[in-house]
> 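Handing you a structure now.
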Amino acid sequence: MQLILTLRSLGVTDARVLAAMERVDRGAFVRGVFASRAYEDMPLPISCGQTISQPSVVGQMTQALNPQPRDKVLEVGTGSGYQAAILSLLCRRVYTVDRHRALVEEARAVFSAMSLANITAFTADGSFGLPEQAPFDRILVTAAAEDPPGPLLAQLKIGGIMVVPVGQSDTLQTLIKVTRLASGYDYEELRPVRFVPLVEGLGAG
Ligand code: SAH
């Protein structure tokens with residue numbers, strides 16, 4: 001509950017997003033010594049040297065994505081699965097991909113324990129999107145790219161929205177909202193963020 005108040009004070013005001021974040025127990029996605037900090041507004045380490053994002057950033061990104069109940073959504077960067085679980089309560093179908101097989105397997109186990117049956121998780125290089133399931137109403141990228149990847153732009157429906165952190169790794173990145181119009185793409189800068197980089201190819205574990 002304290003976390004929900006923090007989210008509100010940091011600009012997450014969409015009632016559906018707040019309700020989804022209240023229902024998804026972040027503690028289920030964090031293991032070991034960090035589990036006790038799951039309800040604080042901070043990023044935390046997960047397996048494979050990756051991080052589960054800060055709840056306020058998850059809330060702001062989800063709100064910017066503006067997912068609708070009938071939407072088919074792609075998330076690039078499954079990580080712990082926390083963001084995908086929130087999306088699964090807000091839209092019809094969620095596809096999520098990560099380059100680390102171990103993370104995908106752990107996230108699948110949590111989805112199944114939570115009976116989140118509308119999420120499909122794959123091990124893949126998400127910079128190429130998921131051509132078999134494209135096009136998507138919404139695409140959320142949770143790793144930073146130097147530019148919005150071309151295949152992801154191409155897999156967005158007209159009228160669709162993509163939210164993606166853009167910038168060099170290890171420097172300040174900017175969260176961008178891309179809207180696909182009939183005539184091209186509209187880009188809006190949202191806020192500075194810091195994400196792990198989008199890396200090509202599959203991970204070691
Ligand atoms: N959304 C996650 C946090 C993601 S951390 C959560 O809710 O916990 C970023 C993730 O992006 C990492 O797990 C990393 O392995 C993954 N990643 C980085 N480059 C990738 C790529 N090219 N394709 C798929 N996943 C990638």
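Keep in mind that this is a model prediction, so the values were computed, not measured. Numbers for residues simply follow the sequence, beginning at 1. Only heavy atoms go into these numbers, but all of them, side chains included; no hydrogens, no water, no symmetry mates.
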> Are Ile161 and Thr179 packed together at the side-chain level, in the sense that at least one heavy-atom pair is separated by less than 4.5 angstrom?
yes
> Are any side-chain N or O atoms of Glu132 and backbone N or O atoms of Leu130, one a donor and one an acceptor, separated by less than 3.5 Å?
no
> Taking the side chain as every heavy atom from C-beta outward, state whether Ile176 and Glu188 have any pair of such atoms under 4.5 Å apart.
no
> Without swapping roles, check the side chain of Thr142 against the backbone of Gly77 for a donor-acceptor pair under 3.5 Å.
yes
> For the pair Val73 and Glu75, evaluate side chain to side chain contact (heavy atoms under 4.5 Å, CB included) and give the outcome as yes or no after the intermediate values.
CA-CA 7 Å; Val73 180; Glu75 180 198 26; 5.6 Å; no
> Which distance, rounded to the nearest 0.5 Å, do you find between the CG of Asp71 and the CG of Leu87?
10.0 Å
> Rounded to the nearest 0.5 Å, how far apart are SG of Cys48 and CG of Leu103?
4.0 Å
> CD1 of Ile46 to CZ of Phe29: how many Å apart, nearest 0.5 Å?
11.0 Å
> For residues Pro148 and Tyr187, report the shortest heavy-atom separation together with the two atoms involved.
CG-CE2, 4.1 Å
> Out of curiosity, does Val58 fall in the hydrophobic cluster containing Leu89 (side-chain heavy atoms, cut-off under 4.5 Å, transitive links)?
yes
> Apply side chain to side chain contact (heavy atoms under 4.5 Å, CB included) to residues Val12 and Leu18 and explain how you reach the verdict.
CA-CA 7 Å; Val12 184; Leu18 287 168; 3.9 Å; yes
> Backbone N or O of Gly27 within a donor-acceptor pair of the Asp25 side chain at under 3.5 Å?
yes
> Indicate, with yes or no, if Leu7 and Leu190 share a hydrophobic cluster defined by side-chain heavy-atom contacts under 4.5 Å among Ile, Leu, Val, Met, Phe, Trp and Tyr.
yes
> Donor-acceptor pair, distance only, cut-off 3.5 Å: does the side chain of Gln83 make one with the backbone of Gly59?
no
> Take a 6.0 Å sphere around CZ of Arg92 and say whether it holds more than 12 heavy atoms from other residues, nucleotides or ligands.
yes
> Between Lys72 and Asp137, does any side-chain N to carboxylate O distance fall below 4.0 Å?
no
> Would Phe122 and Val104 count as a side chain to side chain contact (heavy atoms under 4.5 Å, CB included) if you check the C-alpha gap in whole Å, the side-chain angles of each, and the deciding distance to 0.1 Å?
CA-CA 7 Å; Phe122 295 107; Val104 170; 5.9 Å; no
> Got a donor-acceptor contact below 3.5 angstrom from the Arg180 side chain to the Gly159 backbone?
no
> Counting C-beta onward and ignoring hydrogens, is there a side-chain heavy-atom pair between Leu175 and Met61 closer than 4.5 Å?
yes
> Would you confirm whether Thr78, through its side chain, and Val97, through its main-chain N or O, come within 3.5 Å as a donor-acceptor pair?
yes
> Which heavy atom in Met21 sits nearest to a heavy atom in Pro55, and how many Å separate them?
CE-O, 3.4 Å
> Does Pro67 offer a backbone N or O that forms a donor-acceptor pair with the side chain of Arg16 under 3.5 Å?
yes
> Rounded to the nearest 0.5 Å, what separates atom CD1 in Ile86 from atom CD in Glu22?
11.5 Å
> To the nearest 0.5 Å, what is the distance between CD (Gln68) and SG (Cys91)?
9.5 Å
> State whether the side chain of Asn66 and the backbone N or O of Gln63 hold a donor-acceptor pair below 3.5 Å, judged by distance alone.
no
> Determine, step by step, whether Val141 and Ile139 satisfy the side chain to side chain contact (heavy atoms under 4.5 Å, CB included) criterion, reporting the C-alpha distance in whole Å, the side-chain angles of both residues, the deciding distance to 0.1 Å, and the verdict.
CA-CA 7 Å; Val141 186; Ile139 300 178; 4.2 Å; yes
> Do Leu44 and Val110 share a hydrophobic cluster, counting only Ile, Leu, Val, Met, Phe, Trp and Tyr and linking them when any side-chain heavy atoms are less than 4.5 Å apart?
yes
> So how far is it from Arg8 CZ to Thr13 OG1, rounded to the nearest 0.5 Å?
8.0 Å
> Is the Phe136 ring parallel, tilted or perpendicular to the Tyr95 ring (thresholds 30°, 60°)?
perpendicular
> Looking at every non-hydrogen atom in both residues, tell me the closest pair between Ala121 and Arg108 and how far apart they are.
O-NH2, 2.7 Å
> Side chains of Thr62 and Leu90, heavy atoms from C-beta outward: is any pair under 4.5 Å?
yes
> Listing request: all side-chain hydrogen bond (donor to acceptor under 3.5 Å, both in side chains) pairs with a residue in residues 115-126, at least two apart in sequence or in separate chains.
Arg93-Thr120, Asp125-Ser127
> Looking at side-chain heavy atoms only, is the closest gap between Ile119 and Thr96 below 4.5 Å?
yes
> Do you know which two heavy atoms are closest between Ser47 and Glu106, and how far apart they sit?
OG-OE2, 3.0 Å
> Please say yes or no: joined through hydrophobic side-chain contacts below 4.5 Å, possibly via intermediate residues, are Leu152 and Val164 part of one cluster?
yes
> Using a cut-off of 6.0 Å, state whether more than 12 heavy atoms not belonging to Glu200 lie near its atom CD.
no
> Show the nearest heavy-atom pair for residues Ala107 and Gly81, with the distance to one decimal.
CB-CA, 4.1 Å
> When clusters are formed by joining ILVMFWY residues with side-chain heavy atoms under 4.5 Å apart, either directly or through shared neighbours, do Phe111 and Val30 land in the same one?
yes
> For side-chain hydrogen bond (donor to acceptor under 3.5 Å, both in side chains), just list the numbers for Arg194 and Gln173, CA-CA rounded to whole Å, side-chain angles, deciding distance to a tenth of an Å, and then say yes or no.
CA-CA 6 Å; Arg194 189 157 187 181; Gln173 306 144 1; over 6 Å; no
> What pairs with Pro151 under side chain to side chain contact (heavy atoms under 4.5 Å, CB included), at least two apart in sequence or on another chain?
Phe128, Pro149, Gln155
> Using modelled atom types only, decide if a donor and an acceptor are shared between the side chain of Ser80 and the backbone of Tyr82 within a distance under 3.5 Å.
yes
> Report yes or no: does Arg138 contribute a side-chain atom to a donor-acceptor pair with the main-chain N or O of Leu65 at less than 3.5 Å?
yes
> Find out whether Gln133 and Leu74 are in side-chain contact, i.e. whether some heavy atom of one side chain is under 4.5 Å from a heavy atom of the other.
no
> Restricting to pairs with a member in residues 38-59, which pass salt bridge (Lys or Arg N to Asp or Glu O under 4.0 Å), not counting sequence neighbours?
Arg37-Glu40
